[in-house]
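On a predicted model such as this, the values are computed, not experimentally measured, just so you know. A note on names: the letters A, B, ... follow the listed sequences, proteins ahead of strands, and every chain is numbered from 1.
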Protein chains: 2
Amino acid sequence: MSVSAVSYSIRDLSRDFGVTTRTLRFYEEKGLLEPQRQGHRRLYSAADRVRLKLILRGKRLGFSLDESAELIAMYDPESNNAAQLRALIDKIREQQGRVEEQQRQVQLMLADLQDWERRSVQALHVLND
Amino acid sequence: MSVSAVSYSIRDLSRDFGVTTRTLRFYEEKGLLEPQRQGHRRLYSAADRVRLKLILRGKRLGFSLDESAELIAMYDPESNNAAQLRALIDKIREQQGRVEEQQRQVQLMLADLQDWERRSVQALHVLND
DNA sequence: CTTTCACTTGACGTTAACGTAAACGTCAAT
DNA sequence: ATTGACGTTTACGTTAACGTCAAGTGAAAG
(Lines give C-alpha, C1' and ligand atoms only; values in the text may rest on other atoms or scores of the structure.)
Protein backbone atom coordinates (compact mmCIF):
# COMPACT_ATOMS: atom_id res chain seq x y z
CA MET A 1 0.00 0.00 0.00
CA SER A 2 1.41 3.31 -1.01
CA VAL A 3 0.99 5.75 1.82
CA SER A 4 0.60 8.60 -0.57
CA ALA A 5 0.07 10.91 2.43
CA VAL A 6 -1.71 13.71 0.67
CA SER A 7 -2.00 16.61 3.01
CA TYR A 8 -3.26 20.13 2.89
CA SER A 9 -2.35 23.36 4.59
CA ILE A 10 -4.89 25.34 6.53
CA ARG A 11 -4.96 27.78 3.66
CA ASP A 12 -5.79 25.00 1.24
CA LEU A 13 -8.76 23.84 3.23
CA SER A 14 -9.89 27.39 3.73
CA ARG A 15 -9.90 27.91 -0.02
CA ASP A 16 -11.40 24.58 -0.92
CA PHE A 17 -14.31 24.84 1.48
CA GLY A 18 -14.91 28.55 1.56
CA VAL A 19 -14.30 29.02 5.26
CA THR A 20 -11.76 31.20 7.05
CA THR A 21 -8.68 29.82 8.74
CA ARG A 22 -10.09 31.18 11.96
CA THR A 23 -13.04 28.89 11.48
CA LEU A 24 -10.79 25.88 11.03
CA ARG A 25 -8.84 26.67 14.19
CA PHE A 26 -12.10 27.20 15.98
CA TYR A 27 -13.41 23.82 14.91
CA GLU A 28 -10.21 22.34 16.22
CA GLU A 29 -10.63 24.04 19.59
CA LYS A 30 -14.07 22.49 19.78
CA GLY A 31 -12.60 19.09 19.01
CA LEU A 32 -14.27 18.76 15.65
CA LEU A 33 -10.99 18.45 13.82
CA GLU A 34 -7.56 17.36 14.91
CA PRO A 35 -5.09 17.62 12.08
CA GLN A 36 -1.54 16.36 12.45
CA ARG A 37 1.28 18.78 13.00
CA GLN A 38 4.49 19.30 11.18
CA GLY A 39 6.26 21.30 13.82
CA HIS A 40 3.76 24.03 14.47
CA ARG A 41 1.92 23.82 11.20
CA ARG A 42 -1.33 21.99 10.80
CA LEU A 43 -1.48 19.29 8.18
CA TYR A 44 -4.92 18.20 7.13
CA SER A 45 -5.47 14.72 5.69
CA ALA A 46 -8.16 13.44 3.38
CA ALA A 47 -9.98 12.12 6.44
CA ASP A 48 -9.93 15.62 7.90
CA ARG A 49 -11.49 16.90 4.73
CA VAL A 50 -14.27 14.38 5.09
CA ARG A 51 -14.90 15.45 8.66
CA LEU A 52 -15.02 19.07 7.61
CA LYS A 53 -17.43 18.20 4.84
CA LEU A 54 -19.67 16.54 7.39
CA ILE A 55 -19.51 19.52 9.72
CA LEU A 56 -20.52 21.89 6.98
CA ARG A 57 -23.26 19.58 5.86
CA GLY A 58 -24.53 19.53 9.41
CA LYS A 59 -24.72 23.30 9.35
CA ARG A 60 -26.72 23.23 6.15
CA LEU A 61 -29.14 20.86 7.82
CA GLY A 62 -29.61 23.47 10.51
CA PHE A 63 -27.62 21.79 13.26
CA SER A 64 -25.36 23.58 15.70
CA LEU A 65 -21.68 22.72 15.86
CA ASP A 66 -22.15 20.76 19.06
CA GLU A 67 -24.89 18.77 17.42
CA SER A 68 -22.74 18.25 14.37
CA ALA A 69 -20.03 16.94 16.66
CA GLU A 70 -22.43 14.34 18.02
CA LEU A 71 -23.61 13.39 14.57
CA ILE A 72 -20.09 12.91 13.29
CA ALA A 73 -19.24 10.77 16.27
CA MET A 74 -22.15 8.53 15.37
CA TYR A 75 -21.32 8.57 11.71
CA ASP A 76 -18.06 6.71 12.27
CA PRO A 77 -17.73 4.51 9.19
CA GLU A 78 -15.36 2.09 10.94
CA SER A 79 -17.57 0.75 13.70
CA ASN A 80 -20.35 -0.78 11.66
CA ASN A 81 -22.72 -0.20 14.53
CA ALA A 82 -26.34 -0.61 13.50
CA ALA A 83 -27.82 0.85 16.67
CA GLN A 84 -25.69 3.95 16.32
CA LEU A 85 -26.77 4.30 12.74
CA ARG A 86 -30.42 4.14 13.79
CA ALA A 87 -29.77 6.77 16.44
CA LEU A 88 -28.21 8.99 13.83
CA ILE A 89 -31.15 8.53 11.51
CA ASP A 90 -33.50 9.38 14.34
CA LYS A 91 -31.65 12.60 15.06
CA ILE A 92 -31.97 13.61 11.45
CA ARG A 93 -35.65 12.69 11.48
CA GLU A 94 -36.21 14.99 14.45
CA GLN A 95 -34.57 17.78 12.57
CA GLN A 96 -36.73 16.92 9.59
CA GLY A 97 -39.77 17.36 11.81
CA ARG A 98 -38.62 20.77 12.97
CA VAL A 99 -37.92 21.93 9.46
CA GLU A 100 -41.27 20.64 8.25
CA GLU A 101 -43.03 22.53 11.00
CA GLN A 102 -41.30 25.71 9.93
CA GLN A 103 -42.34 25.08 6.39
CA ARG A 104 -45.94 24.62 7.44
CA GLN A 105 -45.84 27.91 9.29
CA VAL A 106 -44.37 29.70 6.32
CA GLN A 107 -46.98 28.29 3.97
CA LEU A 108 -49.77 29.28 6.32
CA MET A 109 -48.47 32.80 6.60
CA LEU A 110 -48.06 33.01 2.87
CA ALA A 111 -51.57 31.76 2.23
CA ASP A 112 -52.94 34.34 4.63
CA LEU A 113 -51.07 37.16 2.99
CA GLN A 114 -52.03 36.14 -0.50
CA ASP A 115 -55.62 35.95 0.56
CA TRP A 116 -55.26 39.39 1.98
CA GLU A 117 -53.74 40.62 -1.23
CA ARG A 118 -56.51 39.13 -3.30
CA ARG A 119 -59.07 40.91 -1.24
CA SER A 120 -57.17 44.18 -1.37
CA VAL A 121 -56.97 44.06 -5.12
CA GLN A 122 -60.66 43.38 -5.34
CA ALA A 123 -61.36 46.30 -3.09
CA LEU A 124 -59.37 48.50 -5.43
CA HIS A 125 -61.34 47.27 -8.40
CA VAL A 126 -64.54 48.07 -6.62
CA LEU A 127 -63.28 51.57 -6.02
CA ASN A 128 -62.22 51.97 -9.63
CA ASP A 129 -65.44 50.71 -11.11
CA MET B 1 -68.17 53.42 20.26
CA SER B 2 -67.49 52.00 23.66
CA VAL B 3 -63.84 52.35 24.47
CA SER B 4 -63.89 49.22 26.56
CA ALA B 5 -60.15 49.66 27.16
CA VAL B 6 -59.26 46.08 27.97
CA SER B 7 -55.74 45.97 29.20
CA TYR B 8 -53.36 43.40 30.53
CA SER B 9 -50.49 43.40 32.95
CA ILE B 10 -47.07 42.20 31.97
CA ARG B 11 -47.74 39.07 33.98
CA ASP B 12 -50.92 38.43 32.03
CA LEU B 13 -49.17 38.56 28.70
CA SER B 14 -46.35 36.48 30.04
CA ARG B 15 -48.80 33.78 31.04
CA ASP B 16 -50.97 33.99 27.95
CA PHE B 17 -48.12 33.71 25.50
CA GLY B 18 -45.69 31.58 27.41
CA VAL B 19 -42.85 34.09 27.47
CA THR B 20 -41.04 35.63 30.44
CA THR B 21 -41.55 39.18 31.57
CA ARG B 22 -37.93 39.76 30.77
CA THR B 23 -38.70 38.89 27.19
CA LEU B 24 -41.52 41.41 27.04
CA ARG B 25 -39.34 44.17 28.44
CA PHE B 26 -36.63 43.16 26.01
CA TYR B 27 -39.02 43.39 23.07
CA GLU B 28 -39.93 46.84 24.30
CA GLU B 29 -36.28 47.92 24.41
CA LYS B 30 -35.97 46.80 20.81
CA GLY B 31 -39.01 48.86 19.92
CA LEU B 32 -41.18 45.89 19.06
CA LEU B 33 -43.76 46.76 21.66
CA GLU B 34 -44.68 50.00 23.37
CA PRO B 35 -47.41 49.50 25.91
CA GLN B 36 -48.99 52.42 27.70
CA ARG B 37 -48.07 53.20 31.25
CA GLN B 38 -50.15 53.62 34.35
CA GLY B 39 -47.58 55.36 36.43
CA HIS B 40 -44.68 52.99 36.12
CA ARG B 41 -46.64 49.89 35.27
CA ARG B 42 -46.98 48.66 31.74
CA LEU B 43 -50.48 48.24 30.38
CA TYR B 44 -50.80 46.11 27.30
CA SER B 45 -53.73 46.61 24.92
CA ALA B 46 -55.37 44.21 22.50
CA ALA B 47 -53.28 45.78 19.74
CA ASP B 48 -50.15 45.00 21.74
CA ARG B 49 -51.28 41.41 21.97
CA VAL B 50 -51.61 41.28 18.21
CA ARG B 51 -48.12 42.67 17.74
CA LEU B 52 -46.73 40.12 20.16
CA LYS B 53 -48.55 37.37 18.32
CA LEU B 54 -46.91 38.54 15.10
CA ILE B 55 -43.49 38.65 16.68
CA LEU B 56 -43.80 35.11 17.95
CA ARG B 57 -45.15 33.94 14.64
CA GLY B 58 -42.13 35.51 12.99
CA LYS B 59 -39.91 33.48 15.27
CA ARG B 60 -41.70 30.29 14.34
CA LEU B 61 -41.08 31.13 10.70
CA GLY B 62 -37.41 31.28 11.52
CA PHE B 63 -36.97 35.04 11.41
CA SER B 64 -34.81 37.04 13.79
CA LEU B 65 -36.36 39.72 15.95
CA ASP B 66 -34.99 42.47 13.76
CA GLU B 67 -36.51 40.81 10.74
CA SER B 68 -39.77 40.37 12.58
CA ALA B 69 -39.69 44.07 13.34
CA GLU B 70 -39.45 44.81 9.63
CA LEU B 71 -42.20 42.42 8.80
CA ILE B 72 -44.54 43.88 11.35
CA ALA B 73 -43.86 47.35 10.06
CA MET B 74 -44.93 46.19 6.62
CA TYR B 75 -47.90 44.31 7.96
CA ASP B 76 -49.58 47.51 9.08
CA PRO B 77 -53.27 46.83 8.51
CA GLU B 78 -54.12 50.54 8.42
CA SER B 79 -52.17 51.67 5.40
CA ASN B 80 -53.71 49.48 2.73
CA ASN B 81 -50.49 49.66 0.79
CA ALA B 82 -50.37 47.09 -1.98
CA ALA B 83 -46.67 47.52 -2.75
CA GLN B 84 -45.78 47.00 0.88
CA LEU B 85 -47.90 43.89 0.97
CA ARG B 86 -46.06 42.53 -2.05
CA ALA B 87 -42.75 43.29 -0.40
CA LEU B 88 -43.89 41.42 2.68
CA ILE B 89 -44.95 38.45 0.63
CA ASP B 90 -41.61 38.47 -1.12
CA LYS B 91 -39.76 38.39 2.18
CA ILE B 92 -41.73 35.40 3.26
CA ARG B 93 -41.10 33.73 -0.08
CA GLU B 94 -37.36 34.16 0.43
CA GLN B 95 -37.65 32.52 3.80
CA GLN B 96 -39.67 29.78 2.18
CA GLY B 97 -36.80 29.20 -0.20
CA ARG B 98 -34.31 28.92 2.61
CA VAL B 99 -36.47 26.50 4.52
CA GLU B 100 -37.07 24.40 1.44
CA GLU B 101 -33.35 24.19 0.82
CA GLN B 102 -32.83 22.94 4.34
CA GLN B 103 -35.51 20.38 3.83
CA ARG B 104 -33.86 19.17 0.65
CA GLN B 105 -30.57 18.78 2.49
CA VAL B 106 -32.21 16.85 5.27
CA GLN B 107 -33.96 14.52 2.87
CA LEU B 108 -30.74 13.90 0.99
CA MET B 109 -28.89 13.07 4.17
CA LEU B 110 -31.68 10.83 5.30
CA ALA B 111 -31.77 8.99 2.00
CA ASP B 112 -28.02 8.45 2.19
CA LEU B 113 -28.19 7.09 5.69
CA GLN B 114 -31.08 4.79 4.97
CA ASP B 115 -29.27 3.46 1.99
CA TRP B 116 -26.29 2.87 4.20
CA GLU B 117 -28.46 1.08 6.73
CA ARG B 118 -29.99 -1.10 4.06
CA ARG B 119 -26.56 -2.16 2.94
CA SER B 120 -25.33 -2.75 6.47
CA VAL B 121 -28.27 -4.98 7.22
CA GLN B 122 -27.67 -6.95 4.07
CA ALA B 123 -24.06 -7.36 5.00
CA LEU B 124 -25.15 -8.81 8.31
CA HIS B 125 -27.47 -11.24 6.57
CA VAL B 126 -24.67 -12.40 4.40
CA LEU B 127 -22.59 -13.06 7.43
CA ASN B 128 -25.37 -14.94 9.13
CA ASP B 129 -26.21 -17.14 6.17
C1' DC C 1 21.44 38.62 6.94
C1' DT C 2 17.06 40.62 6.38
C1' DT C 3 12.79 40.45 4.23
C1' DT C 4 8.76 38.00 3.23
C1' DC C 5 5.36 34.51 3.54
C1' DA C 6 2.64 31.33 5.76
C1' DC C 7 1.51 30.01 9.99
C1' DT C 8 1.23 29.97 15.10
C1' DT C 9 -1.00 31.09 19.79
C1' DG C 10 -3.31 34.16 22.72
C1' DA C 11 -6.93 37.03 23.83
C1' DC C 12 -10.36 40.52 23.52
C1' DG C 13 -14.59 42.02 20.56
C1' DT C 14 -19.27 41.11 18.46
C1' DT C 15 -24.31 39.86 17.76
C1' DA C 16 -28.68 37.70 19.35
C1' DA C 17 -31.92 36.86 22.67
C1' DC C 18 -32.63 36.72 26.57
C1' DG C 19 -31.18 35.10 32.07
C1' DT C 20 -30.23 36.63 36.47
C1' DA C 21 -29.56 39.27 40.25
C1' DA C 22 -29.75 43.78 42.95
C1' DA C 23 -32.13 47.41 44.81
C1' DC C 24 -36.14 49.90 45.12
C1' DG C 25 -41.52 51.43 44.66
C1' DT C 26 -46.62 50.45 45.74
C1' DC C 27 -50.55 48.82 47.32
C1' DA C 28 -53.50 45.62 49.88
C1' DA C 29 -53.92 42.56 53.72
C1' DT C 30 -52.69 41.12 58.28
C1' DA D 1 -45.90 48.49 60.93
C1' DT D 2 -44.79 44.45 58.41
C1' DT D 3 -45.36 41.15 55.03
C1' DG D 4 -46.16 39.64 50.36
C1' DA D 5 -47.35 40.05 45.65
C1' DC D 6 -46.30 42.43 41.69
C1' DG D 7 -43.85 45.75 39.29
C1' DT D 8 -39.80 48.92 38.02
C1' DT D 9 -34.91 50.13 36.31
C1' DT D 10 -30.01 49.17 35.94
C1' DA D 11 -26.68 46.33 34.69
C1' DC D 12 -23.67 42.49 34.36
C1' DG D 13 -23.68 37.36 32.67
C1' DT D 14 -24.34 33.68 29.01
C1' DT D 15 -24.03 30.88 24.57
C1' DA D 16 -22.72 30.40 19.65
C1' DA D 17 -19.75 31.03 16.06
C1' DC D 18 -16.69 33.16 14.68
C1' DG D 19 -13.96 38.29 13.65
C1' DT D 20 -10.08 40.88 14.56
C1' DC D 21 -5.95 42.31 16.15
C1' DA D 22 -1.16 41.56 18.36
C1' DA D 23 3.00 39.43 18.72
C1' DG D 24 5.92 35.77 17.63
C1' DT D 25 8.05 31.44 14.92
C1' DG D 26 10.27 29.01 10.91
C1' DA D 27 11.82 28.54 6.61
C1' DA D 28 12.73 30.02 2.05
C1' DA D 29 14.29 33.63 -1.13
C1' DG D 30 16.91 37.49 -2.46
Hey, does [X] reach any base, or is it just sugar-phosphate, or nothing, if we go heavy atoms under 4.0 Å?
| X | value |
| --- | --- |
| A/Arg11 | sugar-phosphate |
| B/Arg25 | base |
| A/Ser9 | sugar-phosphate |

Measure [atom1]/[X] against [atom2]/[N] and give the value in whole Å, please.
| X | N | atom1 | atom2 | result |
| --- | --- | --- | --- | --- |
| A/Gln38 | D/dA28 | CD | C1' | 13 Å |
| A/Leu13 | C/dC7 | CG | P | 11 Å |
| A/Ile10 | D/dG26 | CD1 | P | 18 Å |
| A/Leu43 | D/dA27 | CG | P | 13 Å |
| B/His40 | C/dC27 | NE2 | P | 12 Å |

Looking at [Y] and [X], is there a salt bridge between them, counting it only when a charged N and a carboxylate O are closer than 4.0 Å?
| X | Y | answer |
| --- | --- | --- |
| B/Glu101 | B/Arg98 | no |
| B/Arg42 | B/Glu28 | yes |
| B/Arg15 | B/Asp12 | yes |

_D/dT9 to C/dA16 separation - P atoms, rounded to the nearest Å_ = 23 Å
*Dot-bracket line, read 5' to 3' along DNA chain C, where crossing pairs take [ ] and | marks a partner on another strand, Watson-Crick or G-U under 3.5 Å*: ||||||||||||||..||||||||||||||
*asked:* For the CD atom on A/Glu34, are there more than 12 heavy atoms of other groups (residues, nucleotides or ligands in this structure) within a distance under 6.0 Å?
replied: no
_Main-chain N/O of B/Ala87 paired to B/Asp90 side chain as donor or acceptor, under 3.5 Å_ = no
*asked:* Between B/Gln96 (side chain only) and A/Gln107 (backbone N and O only), is there a donor and an acceptor less than 3.5 Å apart?
replied: no
*Decide whether a cation-pi geometry holds between A/Arg49 and A/Tyr8; the criteria are a distance under 6.0 Å from NZ or CZ to the six-membered ring centre and an angle within 45° of the ring axis.*
yes
*asked:* Pair A/Ile92, A/Phe63 - check side chain to side chain contact (heavy atoms under 4.5 Å, CB included), show working.
replied: CA-CA 9 Å; A/Ile92 310 271; A/Phe63 286 109; 4.3 Å; yes
*Could you tell me whether the side chain of B/Tyr75 reaches within less than 4.5 Å of the side chain of A/Leu113, counting heavy atoms only?*
yes
*asked:* The side chain of B/Arg37 is closest to which nucleotide in this list: D/dT9, D/dG26, D/dG7?
replied: D/dT9
*For nucleotides 11-23 of chain C, just jot down a letter per nucleotide in 5' to 3' order: B, S or -, based on protein non-hydrogen atoms under 4.0 Å.*
B----SBBBB---
*So, is A/Arg42 close to the C/dT9 phosphate, meaning a side-chain N or O under 4.0 Å from OP1 or OP2?*
yes
